[in-house]
Amino acid sequence: MTIRLYDTSARQIRDFSPLQPGCVSIYLCGATVQAAPHIGHIRSGLNFDIMRRWFEYRGLEVTFVRNVTDIDDKIIAKSAEQGRPWWAIGYENERAFNDGYRALGCLPPTYEPRATGHITEMVEMMRGLIERGHAYEAEGNVYFAVASFPAYLELSNQELDNLLQPSGEGETGKRDPRDFAMWKAAKPGEPSWETPWGLGRPGWHLECSAMAHKYLGSAFDIHGGGLDLIFPHHDNEIAQAKAYGDEFARYWVHNAWVTMSGEKMSKSLGNSVLVSEMVKRWRPIVLRYYLGTPHYRSMIEYSEEALREAESAFARIEGFAQRVTELAGGAVEPAGEVPPAFAEAMDDDLGVPQALAVVHTTVRQGNSALAADDKDEAVARLAEVRAMLGVLGLDPLDPQWAGGSDHGQDLHGVVDTLVRMVLDQREAARARKDWPTADAIRDQLGQSGLVIEDGPQGPRWSLGAR
């Protein structure tokens with residue numbers, strides 16, 4: 001077994017070899033909590049959730065760190081705009097992000113550190129960089145001297161002479177305009193912390209370098225994030241960490257965006273789709289299918305039509321699972337191993353689209369077995385399907401998705417009782433050959449979003465596509 005991943009730093013797919021045999025360490029740039037998440041934000045967490053699940057399926061122990069940036073220029077700006085404490089805005093949106101991850105079935109990280117809880121580690125890193133000649137203090141700010149680090153920009157493959165470094169307000173005293181801020185001097189009314197260089201607050205890039213070092217040590221396996229973070233964030237993380245003496249990340253993995261009208265989904269563009277609103281309109285497992293089944297390096301162009309197609313595709317899988325479960329008269333446990341073709345696809349740079357094709361092929365084989373009244377074959381195929389979907393976090397029979405709460409179970413039972421009453425009326429109409437009435441009942445149920453299927457065991461209902 002060899003897992004292969006596309007490494008942004010090498011610009012090619014590489015065999016993955018962990019630093020410590022049997023273990024994988026992953027650092028993922030998490031949320032900057034200035035606002036509630038849209039589905040583009042959650043895609044990154046979901047893609048790396050699938051990566052984590054695959055490593056664990058392959059028998060590797062995963063340490064997964066996803067940080068929270070709870071102090072940032074945008075959070076401070078929102079605080080001034082809304083007249084609310086910066087920490088209240090951050091905490092409220094941090095909870096919204098966690099609600100979004102949870103709703104879409106993402107496993108909780110091993111550690112989820114907040115930037116503001118690691119000021120001591122940041123000061124220690126800045127002190128070390130200043131001592132080594134890679135950083136300097138100016139007017140209460142601390143800057144990284146990019147010219148002191150020859151490998152700067154190797155990740156984004158830019159030329160230093162052509163660099164236009166983003167700068168924030170108040171970043172004064174730079175020796176070189178391309179230098180970036182690690183620490184920002186305090187401004188009146190803004191949050192600040194005491195350091196040897198005066199009151200101030202951390203820069204975004206320093207936060208991740210310090211927290212990755214804290215939780216994963218001087219070297220770890222994989223650093224992840226969205227494509228938009230390659231420059232300046234990840235270039236600057238690398239410069240800080242390696243100049244400090246860390247080996248840092250050995251593989252860099254980046255997910256693509258969710259776009260609308262060809263543009264990256266962004267609140268600043270006014271084209272975001274909040275997770276909290278989407279889960280009211282679409283089942284969370286359908287949203288996971290929609291966001292998680294394209295390849296992580298492929299752009300997803302958002303549209304209602306694409307979501308409906310995802311809903312229909314998942315309904316075919318779910319319907320098969322429900323029919324076989326009914327035929328078996330109880331739960332069908334997942335197989336101990338996924339089919340070889342599925343494993344081969346997942347090992348090859350997390351090829352979820354190819355792996356999903358194996359799922360659908362297996363569902364078709366299972367449906368053929370159902371049509372032939374071959375119970376054993378149908379059950380065997382469902383066991384394989386459950387094993388594959390479990391790896392993707394999409395098993396509709398998992399308690400998380402199958403009405404795991406008492407309220408969900410009760411609600412399903414109530415709906416089932418009501419639908420059964422209507423179906424009994426339809427069956428009575430069919431028995432007396434009153435076809436117009438039977439057809440009218442079926443059509444009315446269809447308009448309500450229910451799909452009625454007639455089978456050897458009688459009619460059954462399921463939720464249909466929108």
So which atom in [X] and which in [Y] form the shortest heavy-atom distance, rounded to 0.1 Å?
X      : Y      : value
Cys29  : Asn67  : CA-OD1, 3.3 Å
Ile285 : Pro396 : CD1-CA, 4.1 Å
Pro202 : Ile71  : CG-CG2, 3.8 Å
Thr172 : Asn141 : O-ND2, 3.4 Å
Ala249 : His223 : CB-CB, 3.5 Å
Cys23  : Leu60  : N-CD2, 4.1 Å

Side chains of [X] and [Y]: closer than 4.5 Å at any heavy-atom pair?
X      : Y      : value
Tyr6   : His254 : no
Phe55  : Ile222 : yes
Phe220 : Val24  : no
Glu112 : Asn98  : yes
Arg283 : Trp401 : no
Asp49  : Phe64  : no
Arg297 : Leu227 : no
Glu207 : Trp204 : yes

Can any side-chain N or O of [X] pair as donor or acceptor with the backbone N or O of [Y] at less than 3.5 Å?
X      : Y      : value
Arg178 : Leu160 : yes
Ser79  : Ile75  : no
Asn93  : Ala36  : yes
Ser218 : Glu247 : no
Ser25  : Asp221 : yes
Glu137 : Gly140 : yes

Within a radius of less than 6.0 Å around [atom1] of [X], do more than 12 heavy atoms belonging to other residues, nucleotides or ligands occur?
X      : atom1 : answer
Gln82  : CD    : yes
Glu305 : CD    : no
Glu304 : CD    : yes
Glu301 : CD    : yes
Lys174 : NZ    : yes
Lys74  : NZ    : no
Tyr111 : OH    : no
Tyr91  : OH    : no

Working to the nearest 0.5 Å, report the span between [atom1] of [X] and [atom2] of [Y].
X      : Y      : atom1 : atom2 : answer
Tyr136 : Ser148 : OH    : OG    : 9.5 Å
Asp395 : Arg386 : CG    : CZ    : 4.0 Å
Asp15  : Leu5   : CG    : CG    : 9.5 Å
Asp179 : Phe144 : CG    : CZ    : 8.5 Å
Asp235 : Phe180 : CG    : CZ    : 9.0 Å
Lys214 : Glu121 : NZ    : CD    : 4.5 Å

Counterpart residues, side chain to side chain donor-acceptor pair (under 3.5 Å), relative to Thr120 (two or more places apart)
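Per chain and number, Thr120 pairs via side chain to side chain donor-acceptor pair (under 3.5 Å) with no residue.
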Return the set of residues passing side chain to side chain donor-acceptor pair (under 3.5 Å) with Ser192 (not counting sequence neighbours), or none when no residue passes.
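For Ser192 there are no side chain to side chain donor-acceptor pair (under 3.5 Å) partners, ignoring immediate neighbours.
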Distance-only donor-acceptor check, side chains [X] and [Y], under 3.5 Å:
X      : Y      : result
His295 : Gln354 : no
Asp176 : Tyr143 : no
Trp257 : Asp228 : yes
Tyr296 : Asp349 : yes

What do the steps show when you test Glu131 against Arg127 for salt bridge (Lys or Arg N to Asp or Glu O under 4.0 Å), and what is the final call?
CA-CA 6 Å; Glu131 291 172 353; Arg127 182 183 288 114; 5.1 Å; no
Please evaluate residues Ile130 and Trp197 with respect to the criterion side chain to side chain contact (heavy atoms under 4.5 Å, CB included), reporting the C-alpha separation (whole Å), side-chain torsions for both, the decisive distance (0.1 Å), and the verdict.
CA-CA 11 Å; Ile130 290 173; Trp197 313 284; 3.6 Å; yes
Does Arg14 qualify as a cation-pi partner of Tyr251, given the criterion of NZ or CZ under 6.0 Å from the six-membered ring centre and within 45 degrees of its axis?
yes
A cation-pi test, strictly: NZ or CZ of Arg66 under 6.0 Å from the centre of the six-membered ring of Tyr101 and no more than 45 degrees from its axis. Yes or no?
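Here Arg66 passes the 6.0 Å and 45° test against Tyr101.
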Please determine if [X] and [Y] form a salt bridge, counting it only when a charged side-chain N lies under 4.0 Å from a carboxylate O.
X      : Y      : value
Arg281 : Glu277 : no
Asp347 : Arg4   : no
Glu171 : Lys184 : yes
Glu92  : Arg84  : yes
Arg250 : Asp7   : no
Arg114 : Glu94  : yes
Glu384 : Arg381 : yes

Name the one of Asp73, Asp72, Thr116 that satisfies side-chain hydrogen bond (donor to acceptor under 3.5 Å, both in side chains) with Arg201?
Asp73
Could you check His205 against His234 for ring pair (Phe, Tyr, Trp, His ring centres under 6.0 Å), going step by step and ending with a plain yes or no?
CA-CA 8 Å; His205 316 302; His234 289 165; 9.5 Å; no
Aromatic ring pairing [X]/[Y], orientation class (parallel under 30°, perpendicular over 60°, tilted between):
X      : Y      : answer
Phe97  : His41  : tilted
Tyr244 : His213 : perpendicular
Tyr57  : Trp54  : parallel

Could you check whether Tyr215 and His118 have their ring centres less than 6.0 Å apart?
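Between Tyr215 and His118, which both carry aromatic rings, the centre distance is below 6.0 Å.
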Could you go step by step and tell me if Ser156 and Gln158 meet the side-chain hydrogen bond (donor to acceptor under 3.5 Å, both in side chains) rule?
CA-CA 6 Å; Ser156 62; Gln158 298 184 78; 3.0 Å; yes
